[in-house]
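The first residue of the sequence shown is numbered 1, and numbering continues consecutively from there.
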Amino acid sequence: MKVSLKKSFGLGVLAFAPYPIMLVMQAFFANALSVEEVGIFASISIFCSVILAVTNWGTDKYIISKKNIENEEIDEVFSFEFFYCLFGYLLTLIFLRNYANEVIGLQNSKIFEYPNLNVFWAAIGFVFFYNPLSKSKAILEKKLRYFEAYIPLLCANIIGGIFGVGLFLTGFGVWSMILWRLSVYLIEMIILLLISPYRPKIHFKFLKKPDFLSYCLPFFLAGLLSFIILNADYIMVRKLLGPKELALYWMAFSVSHILIAFREIISRFLLPALSRLHEDQQKIILFGKINAALQLLAVIVVIVVTFWSDYGFVFVFGEKWSDAVPLFIVLVYAALLKLLAGLSGPLLFSLMNTRVNLNISLLNAVILVPIVYISIIIGGLFGAVIGVLVSQIILTVYAFQTGVKNVTGLGVLSYFSYLTINIIICASLYFLALQFLGEIGVLARVYLTLFTIVFAMVSFRWSNIFKYLSDGVTYLKDIH
């Protein structure tokens, strides 16, 4: 058991290791380039996120979840997704290229004059084909070969980072940041294909099409909705406030949402683990323990981020990014809620239920735009992040009250009360300190930190998560 725990910890570190490297590279470019130049990269990064969303059919989850899947069916899944991505790439190049240039802001940018613009669109092809060509990761995870599944991304970030710094030192400016990010996709795909135990093949016989489409269609539709959702807040910030404000918002959002990497990593481990459990009660107990442990860790993050971001964020990214600090704090709260809420996915997916995922995307598409728009009009850039937090709270309540509660019998209060009360206490104390002190000094921050730590310890003993961590039987009694 000790060996297993040690191995699991090592794999977790390996899976998370690329993200600190990405943060270091982001900090390097944030200090080296102007806010406006980072704003150009932000627009391109957002565009890449949209591509990844609309080309993701969730077939990796299908491969992992389905027991005894044959290689022929993996080939069919891969072929379907590959030709879909090829069609999307050609469609974008032929019909949507000029529109995309205008939306991203490349049309009037001097750095994207011919032939640079053609180079950019050629490199974007790596992003379009990332989902099908990285299918080897799901195959490795299916076989529980996590080391081989996660080492390619780490290597890709190291090699891509060296490549990006080299380009900057030779005078490529903002291009070095763009090519750094795109090179990571390409390098990871190449390594995965080289080490994969089975390389999916293209063929035109889709004998199993109804099987994987019925599972993956909700993911696909959710991806199409994400085209709007992932762009909406950024587009509104850019149109209503300007490119500099977009850069500040993107920096705060991207750094805070590195926390979401934990969700993806845990989900990668959790879905295969849950799929191998035969009893639903065993799945529920495991889900409850992980939720409880993550709430405890999330509260520690809340305390540190709330009272010490003013120093840490500026130290890492530079004084010119100080206006992004309040945005970062609020977006960390939203990211932590998204982290815990997202873990409901593996529980529901292991029961072959993907419809909740689509319903959440539908709800997000309906509420995000009006909430963020009104928030920007009322509160400017800070209003935008408040809008994101409010919409995330609504989505979290919906996901747990309509999805998880149907499975476990427990709703959002059982899974989020400890984190929520501590966020409220920390945010309230920080706001009151700013109102009465104007500028919060180091000593005041120390006192505030100690007070919230004591409150977190007391509320931990009072909360449900103490019982759930110590005794799975108690958790089941609460369910029944």
Side-chain angles (χ1 to χ4, degrees), residues 1-2 4-16 19 61 64-65 141 144 146 149-150 257-302 335-351 353-354 356-357 360 392 395-397 399-401 403-423 456 459-460 463-479:
M1 184 67 177
K2 289 183 178 179
S4 177
L5 288 173
K6 189 180 293 185
K7 184 178 179 181
S8 297
F9 178 77
L11 289 171
V13 171
L14 175 64
F16 183 70
Y19 297 97
K61 293 179 175 61
I64 294 171
S65 299
E141 289 172 333
L144 303 183
Y146 293 115
Y150 297 134
H257 278 56
I258 286 178
L259 289 168
I260 301 303
F262 283 106
R263 182 185 72 180
E264 299 304 320
I265 292 166
I266 295 169
S267 296
R268 289 280 184 178
F269 285 107
L270 188 57
L271 181 56
L274 289 172
S275 298
R276 286 170 176 263
L277 295 175
H278 299 291
E279 297 292 332
D280 288 350
Q281 285 190 343
Q282 292 178 311
K283 297 179 181 182
I284 293 170
I285 290 174
L286 179 58
F287 174 75
K289 286 181 176 293
I290 291 174
N291 173 271
L294 286 177
Q295 278 197 78
L296 182 60
L297 293 173
V299 167
I300 297 172
V301 173
V302 166
L336 288 170
L337 291 175
K338 189 182 294 187
L339 165 64
L340 267 72
L343 292 179
S344 62
L347 175 64
L348 298 174
F349 299 158
S350 69
L351 300 170
N353 180 355
T354 61
V356 172
N357 187 62
I360 291 172
Q392 184 56 52
L395 292 174
T396 300
V397 171
F400 275 73
Q401 292 300 115
V404 175
K405 192 172 183 178
N406 291 336
V407 176
T408 68
L410 299 176
V412 69
L413 289 178
S414 298
Y415 291 108
F416 284 89
S417 57
Y418 179 65
L419 174 60
T420 302
I421 190 64
N422 279 277
I423 287 178
S459 58
F460 172 70
S463 69
N464 291 334
I465 69 168
F466 178 76
K467 295 186 296 181
Y468 297 165
L469 278 174
S470 59
D471 186 10
V473 176
T474 303
Y475 178 54
L476 283 177
K477 286 180 179 178
D478 284 358
I479 291 172

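Rounding to the nearest 0.5 Å gives a distance of 11.0 Å between CG of Leu259 and CG of Leu294. Here CG of Asn422 is found 4.0 Å from OG of Ser459. Values are rounded to the nearest 0.5 Å. Note: Thr396 OG1 to Tyr415 OH = 14.5 Å, rounded to the nearest 0.5 Å.
Within the 4.5 Å cutoff, no side-chain heavy atoms of Val299 are placed close to those of Leu336. At least one side-chain heavy atom of Tyr418 sits under 4.5 Å from a side-chain heavy atom of Leu296. At least one side-chain heavy atom of Glu141 sits less than 4.5 Å from a side-chain heavy atom of Tyr150.
Closest non-hydrogen pair, Leu419 versus Ala298, comes out as CD1-CB, 3.8 Å. Considering every non-hydrogen atom in both Gln295 and Ser417, the closest pair reads OE1-N, 4.0 Å. Considering every non-hydrogen atom in both Gln392 and Leu337, the closest pair reads CG-CB, 3.9 Å.
For Thr420, the side chain to side chain contact (heavy atoms under 4.5 Å, CB included) partners are Phe416, Ile424, not counting sequence neighbours.
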